[in-house]
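To start, the structure under review is shown below, and the notes come after it.
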Amino acid sequence: MTLAQRMKTLAPRLVGANNEGVLAIIIVVLIIVMSLLSPSFFTVHTLFSIVRSALVPSILAIAVLLVIISGGIDVSFAAIAIFAAYTTVHLAQQGQFDPGIIGILLFACAIGAVLGFVNGAVIARFRLPTLIVTLATQGIFRGILLVYIGSRYIAQLPDSMAGLSTANLIAIDSSRSYLPLLVVPVAVIVLIVAWMLRRTMFGRGIYAIGGDTEAARRAGFPVVRFQIILYMMVGAIAAIGGLIHVILNRNANPQDIVGTELDVIAAVVLGGASIFGGRGSVLGTVLGVVLVQLINNSLLLMGVPTAWQRAAVGLLLVVGVGIQALSARRASRRTFVLDTVEA
Amino acid sequence: MAERNEAPVLEVRGIVKVFGGVTALDGVSMSLLPGRVHCLAGENGSGKSTLIKIISGVDTPDAGEILIDGEAMSGMTPARALRAGIQVIYQDFSLFPNLTVAENIVLPAAIASRKKLFNRARSRPGAQRIVDELGLTLDLDADVEKLSVADRQLTAICRALVQDARILFMDEPTTALTHSEVARLFGLVRKLQERGVAIVFVSHKLDEVLEVSHDITVLRSGQLVASGDAREYSVQSLTVAMTGRDVDTTRLVNDLGKRGAPLLEVSRLDLPGAFTDISFDLAPGEILGITGLLGSGRGEIVEALFGLLKPESGTVTVNGAALRPGSIRSSISAGIGYVPEDRLTQGLFLEKSIADNIIAGSLDSHARGKVVLSQKRIAETISTLFTRLRIKAPSVAAPVRSLSGGNAQRVVLAKWLATKPKILILNGPTVGVDVGSKNEILTILRDAAREGMGVIMISDDVPELVSICNRVLIVRRGSLVAEFDSEQIEAQRIQEVMAA
Ligand SMILES: Nc1ncnc2c1ncn2[C@@H]1O[C@H](COP(=O)(O)OP(=O)(O)OP(=O)(O)O)[C@@H](O)[C@H]1O
Ligand SMILES: [Mg+2]
């Protein structure tokens, strides 16, 4: 193989199937620029605080990624996350008992899965557009939460949760930099989902459904079952995101999380997941989340008002979708068929 | 050879299927014997694909039963059909555009064997084996959406053959294939048949069908009109059975009269890797055929004329005015229309109605004044083309997705005819179109040419070229190697030069 040829096969690998490489470069460039602009940026403290702020969005983004790969879009994940987390805390507080962190986790996941089931059942059975369905259920879930379960802010978490709030994986007291222990479960979930998408028939099935639902059905994938399981899984993952949010904040506020949908969806799309379905990777999504958090953090550091942060993320989303549209157009200009004339 | 009078592996009885108001199948019965190739023939929209989809569990019948090994199957699903050993090469391929060739080939087999885990690397050898067995050069790691139509079709074929099928349905498996690929496919079909696989073969290339089939079932408008031994049929008699009339395929060419100024002039067009030094011209009213093996560069040449590809050097002029190379807009405004090869994905809005699709390319020319569209003229154009092309559908409001393959094709043609182009380029205009309609389409092209339109037609179908073209150009390895004009056109010689 000549050098030129090797470069040719190497280049797409580095870029990655979903432009992960490009994203990584953008992140590095941004870090260099910010470090030059502000000496307080390139510190362990900043690193830890960005990781900390990326934990909940990462989990939620992974949930959204699953839906987007399957060819849908979910805007109810934030409502599910806070519904499950708040309800769990609320019940534990009212019952005056602490089921332990495992019990809390299972309970919240069960609630998330039930709410996800509602989404999945409606979408798969009646073949309705996912955006409309989740827009509707988002309102319903939120309404039920505020009206029937509670609208009060709960400042006192069960002890098992409160304990986790202050647990750190790494603590550097001199610079007051702390890396929360919750990094571990987040990393585990991210890795499990990555493995599931690559190595299980369910994971490949989600890609297949996102690529062409009818073809997936014809190939024998149980499309309806997969879709329902998928939305239940998304609900459960969102519930975990909600719990982590509550633990990190040391309180449960039913008004939280809802409103962060834009950040999360933007991160997933920037991470290379195709809004048309069928494409996307966990690595890209995590990089997307990091990029969004990095930008939010940088703007904050430079003293830009928060309202402009929303605009910046919106702009990023447009850029992300724009790149997809452009590369889709480029891809449709196919290359030549090789001359395979046999004599 | 499998012994005769064996019990059928699959039998369908009295299958009825109604879509909305259209009866696609009206009490069709058929039985398949192991080790025999069964030809399912019929005009476009006669219900062939629908019957296949019902047997494979994709569509549910309104009445009738399916028996496998004499046992009635109720509530057939794709997964059950696959597990019963039924494999289908669907007319629209039904591949996953976002996954690699290797995954497309092996995933259905993995589902059928109820696997829970999937290992991309370990599943590759299986895909490689079938690709090698067919003697193909497919890039297993390429995404299917990046493949040419022919390679997609080959992928679909590999996918069906990689599993040990007992019953294999092939719904027009050769529409995009070259002669040598077809020959290899048929070789494999014979091998499978010797192994006792029951094969159902659907194709509008009737000579091809008769070459491989033992039994024949003919459908017309959803009804079974004939069935029996394939040896009792010739292309002629099969055509009559399908259409209910005789189809005349003799050579009939418009007289061009004295050659005036050319409508289109192509001079020294060059694109490294695709074609070199291409020069030819086209007179008004002329029908020019371009043929050559797949991959010879014939498709790229016309794509360059339409601006889909940008040639490195050379010029294209229409009525003396040069086109901007690589600009589709410039080609369209010069009056060039292009009917692409992959019409199901490139040419149509599948969810929209037939009417919308027909008019999609020509709204500008139906405007009254500058902005207001003339509903009356639009309706006229649509209904004229709908009837002239004999599109088989309940009404012009039906979505294109609900049409049979051959009828979808006519919609694409209608769309381009509606634009009234000066030059119409067609890439395989009659692929997948039944014998009767093929002649109708050729007649339509002939009529359009008589009114002064220049037609360039790429086709594999040599008899078709002979029957309509004023001139035929042959492309080999990116160069024009021969030109036959009116007096010299003869099927035998074209085939010889092509394969040389
Ligand atoms: N999903 C659907 N909805 C409505 N009508 C349909 C649908 N699928 C098929 N049809 C109709 O059923 C009839 C039979 O179609 P089918 O695809 O079986 O034809 P075919 O014999 O395979 O034709 P071709 O040779 O063109 O592929 C057609 O009139 C078609 O319009
Ligand atoms: Mg068909």
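In what follows, every chain begins at residue 1, and chains take the letters A, B, ... in the order their sequences are listed. No experiment lies behind these values; they were computed from the predicted model shown. Side chains are part of it too, since the values below use all heavy atoms of this structure and drop only hydrogens, waters and symmetry mates.
Heavy-atom pairs under 4.5 Å with chain B peak, among A/A219, A/G205, A/G203, at A/A219.
Heavy atoms of other residues, nucleotides or ligands lying less than 6.0 angstrom from CG of B/D164 number 12 at most. Other residues, nucleotides and ligands contribute more than 12 heavy atoms inside 6.0 Å of the CZ atom of B/R83. Taking a 6.0 Å sphere around CZ of B/R80, one finds it holds more than 12 heavy atoms contributed by other residues, nucleotides or ligands.
Two residues are said to be in side-chain contact when any heavy atoms from C-beta on lie closer than 4.5 Å; A/T200 and B/F118 fail this criterion. Residues A/I209 and B/F96 fail the side-chain proximity criterion, which asks for heavy atoms closer than 4.5 Å. The shortest distance between side-chain heavy atoms of B/V58 and A/R217 falls below 4.5 Å. A 4.5 Å side-chain heavy-atom check between A/M201 and B/I111 finds at least one atom pair inside the cut-off.
Only the side chain of B/D143 comes within contact range of chain A, with at least one heavy atom under 4.5 Å from a heavy atom of that chain. The contact between B/K115 and chain A is made by backbone and side chain atoms together, counting heavy-atom distances below 4.5 Å. Heavy atoms of B/Y90 lying under 4.5 Å from chain A belong exclusively to its side chain. Contacts of B/L107 with chain A are made by both backbone and side-chain atoms, with heavy-atom separations under 4.5 Å. Contact of B/A112 with chain A is not made at all, since no heavy-atom distance falls under 4.5 Å.
Salt bridge annotation for B/E145-A/R279: present, with a cationic side-chain nitrogen under 4.0 angstrom from a carboxylate oxygen.
Between B/L82 and A/R218, the shortest heavy-atom distance links the atoms CD1-O, 4.1 Å. Nearest heavy atoms, B/S94 versus A/A215: O-CB, 3.4 Å.
Atom CZ of A/R204 is separated from atom CG of B/L99 by 5.5 Å, given to the nearest 0.5 angstrom. For the atom pair CD of B/E103 and OH of A/Y207, the computed distance is 9.5 Å after rounding to the nearest 0.5 Å.
Side-chain atoms of A/R199 do not come within 3.5 Å of backbone N or O of B/N119 as any donor-acceptor pair. Distance alone, capped at 3.5 Å, places no donor-acceptor pair between the A/D212 side chain and the B/P97 backbone.
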